[in-house]
K.L.:
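Got a structure for you, questions after.
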Amino acid sequence: MNAEDKRKIKIGLAEMLKGGVIMDVTNADQARIAEDAGAVAVMALERVPADIRAEGGVARMADPLKIEEIKRAVTIPVMAKCRIGHFAEAQILESLEVDFIDESEVLTPADEAFHVNKDLFKIPFVCGCRDLGEALRRIGEGAAMLRTKGEAGTGNIVEAVRHMRAVMDGIRRLTILPREELMVEAKNLAAPYDLVCWVAEHGKLPVPNFAAGGIATPADASLMMQLGAESVFVGSGIFKSEDPPSRARAIVMATTYFNDPKKVAEASKGLGIAMRGMEIRTIPEGQLLQVR
Amino acid sequence: MSDLNPLAASISRTHEAPGAARRSDSPERVEHAPIAPTRVRVAGLLALQGDFDLHRQAVQNAGHHAVEVRTVEDLESVDCLIMPGGESTTMRKLMHLGGLFEAIPEFAKSKPIMATCAGLILLSRGISDRRDEETLGLIDCTVSRNAYGRQYHSFRKTGKVRLAGPEGDFEMVFIRAPRFEEIGESVEILGRLDGEPTLVRQGRILAMTFHPELSGDGRIHEFFLTGMT
């Protein structure tokens, strides 16, 4: 298979996941709950981000046994996270045949300067971003899907909103710049010139753009979809809430019917207590995940 | 906008050296002259989940209108329905919740439906390896899900299709794709890969295991929209 085919097939799976909800799960039971609720994929993890945040220490790729247990439990795609720049973890995840790899800031980075060369892999990668430049650098490295970083494990949507608006504003800005300004714009964004030109011409990213990092309610999902997300990841928001199956179903409903407030209202009724959540300003700077 | 398919465009932008000439034998992209359809159809895109946005582009490239279908009421104003690729388990749940699971068979009595991948699974008579998963039973065939394996085994290969004219090549992209198991006698096989059926028609329904919306070749959409609708 040539490079173009490989890339098309990787982005192809990302396209299939649009309009859906990808849920973090830590065992087979949770994976089944997610699938029954209508998740389009699950993210197999050792600990959800809220626990990673609470417990501290180095967060690594999940145990392969755990990933295999979750793969056996469901028929929907299974994703798993590797540390930023940890291409050996990525190779292991590819050998386990997970369907998507998240090179994630939620885990402790293995390389503070470089990300994985994602073009070398047959399996697609998703990466986090906070603005357009970061998004285009990851696409340049071979990412087949982007997601906002938000601030994982907080149940607080404010950072995901900030990042989605930054990406979408960056895209809108490119579409009105005259062609002769794009090279300097690429320099300012620290992004590949050909990708900057593509975005300027098409008014969107060349790969699907999802939301993540703080989604805890159906209304959060609707908000992110209306801001331009094409799907949502829900990490701690489901299994750190009082009634995970109901909340999972409700967020699936709200993602499909994001533009219909009556349906989102219906989905939001009687879900019990959402995850408690955190005010971002109370997090010491050294513990922010998004700056990784 | 000259590019038919944003994916194909992004791919060539990303990987082509500046100024490099495209290989003349490249099968990746088929250019079409703009079409002026005799009658503009309104295609409903089942938009519960999946790659319906790519189908929208294919419909628009063929000169027709596309509207999103999420509710039973949305179905009333469309001439035909396209059921996209995605996750069949998710779509089934949402179809039940919104009443579309009952409304689509009713719709199929008078209007045509095109389905790719997950859409085909939902239209089939049953899933051979998952008997418990309910399907609409609008095509007399059974399928097995993810039959080629996980995403690692997804691929692109050139197969053969026979649409309005003689048999020709068609670039087929398979993403965690299903396979046909049993096919009833009333079902016509219109496309194959290495001899194995990949595209079928039964009356007003056209369904396939691959994704023409991903390859940027609009012939199957055109056949459905102008030949069947």
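First the proteins, then the strands, lettered A, B, ... as listed; each starts at 1. This is a predicted model, so every value here is computed, not measured.
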K.L.:
Report which part of A/Ile123 has an atom under 4.5 Å of a heavy atom belonging to chain B: side chain, backbone, both, or neither.
P.N.:
side chain

K.L.:
Should A/Glu15 and B/Glu213 count as side-chain neighbours, where that means a heavy-atom distance under 4.5 Å?
P.N.:
no

K.L.:
Using non-hydrogen atoms and a 4.5 Å limit, figure out which bit of A/Ala39 sits close to chain B: side chain, backbone, both or neither.
P.N.:
backbone

K.L.:
Who wins among B/Asn146, B/Thr89, B/Leu48, B/Val173 for the most heavy-atom pairs under 4.5 Å with chain A?
P.N.:
B/Leu48

K.L.:
Less than 4.5 Å apart, any side-chain heavy atom of B/Leu94 and any of A/Met253?
P.N.:
yes

K.L.:
Pick one of side chain, backbone, both or neither for A/Ala41, based on which atoms fall under 4.5 Å of a heavy atom in chain B.
P.N.:
neither

K.L.:
Considering only heavy atoms, which portion of B/Ala118 lies under 4.5 Å from any heavy atom of chain A: side chain, backbone, both, or neither?
P.N.:
neither

K.L.:
For B/Glu171 and A/Lys8, run salt bridge (Lys or Arg N to Asp or Glu O under 4.0 Å): C-alpha distance rounded to whole Å, both residues' side-chain angles, the deciding distance at 0.1 Å, then the answer.
P.N.:
CA-CA 12 Å; B/Glu171 182 195 338; A/Lys8 188 182 290 185; 3.1 Å; yes

K.L.:
Counting only non-hydrogen atoms closer than 4.5 Å, does B/Arg130 touch chain A with its backbone (N, CA, C, O), its side chain (CB onward), both, or neither?
P.N.:
side chain

K.L.:
In terms of heavy-atom proximity below 4.5 Å to chain A, should B/Arg176 be classed as side chain, backbone, both, or neither?
P.N.:
side chain

K.L.:
Taking non-hydrogen atoms and a cut-off under 4.5 angstrom, which of residues 257-269 of chain A neighbour chain B?
P.N.:
A/Tyr257, A/Phe258, A/Lys263

K.L.:
Return yes if some donor-acceptor pair links the side-chain N/O of A/Lys18 with the main-chain N/O of B/Gly50 below 3.5 Å, else return no.
P.N.:
no

K.L.:
When you compare the side chains of B/Arg145 and A/Thr75, does any donor N or O come within less than 3.5 Å of an acceptor on the partner?
P.N.:
yes

K.L.:
Looking only at side chains, do B/His153 and A/Glu97 share a donor and an acceptor under 3.5 Å apart?
P.N.:
yes

K.L.:
Heavy-atom distances under 4.5 Å only: say whether A/Val21 touches chain B with side chain, backbone, both or neither.
P.N.:
neither

